[in-house]
Amino acid sequence: MTRQPSFFIPHGGGPCFFMPDPQGNWTTMAEFLQSLPARLPEPPKAILVVSGHWETDGFAFTGAQNPPLLFDYYGFPAHTYELRFDAPGAPGLAAHATELLQNAGFTATVDAQRGYDHGVFIPLKVAWPEADVPVVEMSLDRSLDPALHIAAGKALAPLRDEGVLIVGSGMSFHNMRGYGNPQSTTLSQAFDEWLTTAATSDAQTRSEALALWAEAPGGRFSHPREEHLLPLMVAAGTSEAAGEKVWSDLVLKTAISAFRFD
């Protein structure tokens, strides 16, 4: 079985890809997400998605056979609460991932009731609209410790050799007050340049840099709270190779990027 890469992807703003977008704010991001299947060496056996919208004590994985959708966005048009994404769960993968983390000394559990939040079903609905690949969602540890999440990614790395695509779903810039503000552009670009250098470095240099992300130029401005950046840490931790920036654009006047780890 061919080893799958890992990705850190942007999941957009709420259900943005399924609403009118006359300014084309989300066009290139949607095109990138649509390109994900073609970027893989072969169709994945399953997809493990680390979402910036789920935090638990320790790590947790969705274990339902048919997880429901959690419409955890607010104030959007009614039709966006009727979206469907019927990808099956993968209880076996959830149990296996839990075991990998536990064997590495982490606290990890299976949540048999939890559904897919919009950090999962929105980008995957763009990338895999047929919803024919099994999906497991992984939470963040509530400590929000970057080194811990990098180490968790390393423990999960064997899944890549089992045909599992690991995806960190967040945003490389996530300051809600900064979107659309021209004054955000320079600071977001400074952080994006730093993040690109960090992510595309060798594994040891990358891990050391990402653990200190808050000290980076524009770091805390770009992430007043780091939950949307931490999925990157897990994805990066799964690889010993230098990462690659695979997409970048100015979205709502802020620099947003995506990365791949082989």
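Along the sequence shown, residues carry numbers from 1.
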Counting only N and O atoms by type, is there a donor-acceptor contact under 3.5 Å from the side chain of [X] to the main-chain atoms of [Y]?
{"X": "Glu42", "Y": "Gln4", "value": "no"}
{"X": "Ser207", "Y": "Gln204", "value": "no"}
{"X": "Ser188", "Y": "Ala255", "value": "yes"}
{"X": "Arg225", "Y": "His174", "value": "no"}
{"X": "Ser169", "Y": "Val49", "value": "no"}

Option passing side chain to side chain contact (heavy atoms under 4.5 Å, CB included) with Ser6 (candidates Leu232, Ile166, Leu159): Ile166
Using the rule side chain to side chain contact (heavy atoms under 4.5 Å, CB included), only one of His11, Met171, Gln34 pairs with Met29; which is it? Met171
Rounded to the nearest 0.5 Å, what separation is found between the [atom1] atom of [X] and the [atom2] atom of [Y]?
{"X": "Leu148", "Y": "Ser143", "atom1": "CG", "atom2": "OG", "value": "5.0 Å"}
{"X": "Phe259", "Y": "Thr196", "atom1": "CZ", "atom2": "OG1", "value": "4.0 Å"}
{"X": "Glu55", "Y": "Ser139", "atom1": "CD", "atom2": "OG", "value": "8.5 Å"}
{"X": "Met138", "Y": "Leu48", "atom1": "CE", "atom2": "CG", "value": "6.5 Å"}
{"X": "Asp111", "Y": "Glu137", "atom1": "CG", "atom2": "CD", "value": "9.5 Å"}

Any luck finding a side-chain donor-acceptor pair between Glu193 and Gln189 under 3.5 Å? no
Specify whether His149 and Phe59 have parallel, tilted or perpendicular ring planes, treating 30° as the upper limit for parallel and 60° as the lower limit for perpendicular. perpendicular
Just say parallel, tilted or perpendicular for the rings of Tyr179 and Phe173, cut-offs at 30° and 60°. perpendicular
I'd like to know whether Leu195 forms a side-chain contact (heavy atoms from CB on, under 4.5 Å) with Leu229, so could you lay out the CA-CA distance, the side-chain angles of the two residues, the decisive distance to 0.1 Å, and finally the verdict. CA-CA 10 Å; Leu195 190 64; Leu229 184 63; 4.3 Å; yes
Could you tell me which non-hydrogen atom of [X] sits nearest to which non-hydrogen atom of [Y], and how far apart they are?
{"X": "Pro67", "Y": "Gly89", "result": "CD-N, 3.5 Å"}
{"X": "Pro44", "Y": "Val133", "result": "O-CG1, 3.8 Å"}
{"X": "Pro88", "Y": "Ala131", "result": "CD-O, 3.7 Å"}

Is there side-chain contact between Ile256 and Trp247, with at least one heavy-atom pair below 4.5 Å? yes
A side-chain contact here means heavy atoms from C-beta on lying under 4.5 Å apart; do Leu36 and Trp128 qualify? yes
Would you check if the distance from the ring center of Phe8 to the ring center of Phe261 is below 6.0 Å? no
Only one of Thr28, Asn25, Thr27, Thr254 forms a side chain to side chain donor-acceptor pair (under 3.5 Å) with Asp249, so which one is it? Thr28
Is it true that atom NZ of Lys245 has more than 12 heavy atoms of other residues, nucleotides or ligands lying nearer than 6.0 Å? yes
So does Glu244 pair up with Arg39, basic N to acidic O under 4.0 Å? no
Between Met176 and Trp26, is there a shared hydrophobic cluster once you connect ILVMFWY residues whose side-chain heavy atoms come closer than 4.5 Å? yes
Applying the 4.5 Å side-chain criterion to the ILVMFWY set and letting contacts propagate, would Ile122 and Met19 be lumped into a single cluster? yes
Steps toward side-chain contact (heavy atoms from CB on, under 4.5 Å) verdict (Ser184, Asn175): CA-CA 9 Å; Ser184 301; Asn175 181 335; over 6 Å; no
When Phe71 is tested against each of Phe121, Phe76, Phe85 for ring pair (Phe, Tyr, Trp, His ring centres under 6.0 Å), which residue passes? Phe121
Give the intermediate values and the outcome of side-chain contact (heavy atoms from CB on, under 4.5 Å) for residues Val246 and Phe7. CA-CA 9 Å; Val246 289; Phe7 282 88; 4.3 Å; yes
Any residue meeting ring-ring contact (aromatic ring centres under 6.0 Å, His included) with Phe191, in chain and number order, not counting sequence neighbours: Trp194, His223
Start with the C-alpha gap between Leu70 and His53, add the side-chain angles, then the distance that decides, and say whether side-chain contact (heavy atoms from CB on, under 4.5 Å) holds. CA-CA 10 Å; Leu70 300 178; His53 287 276; over 6 Å; no
Taken in chain and number order and not counting sequence neighbours, the residues that satisfy side chain to side chain donor-acceptor pair (under 3.5 Å) with Arg84 are Asp86
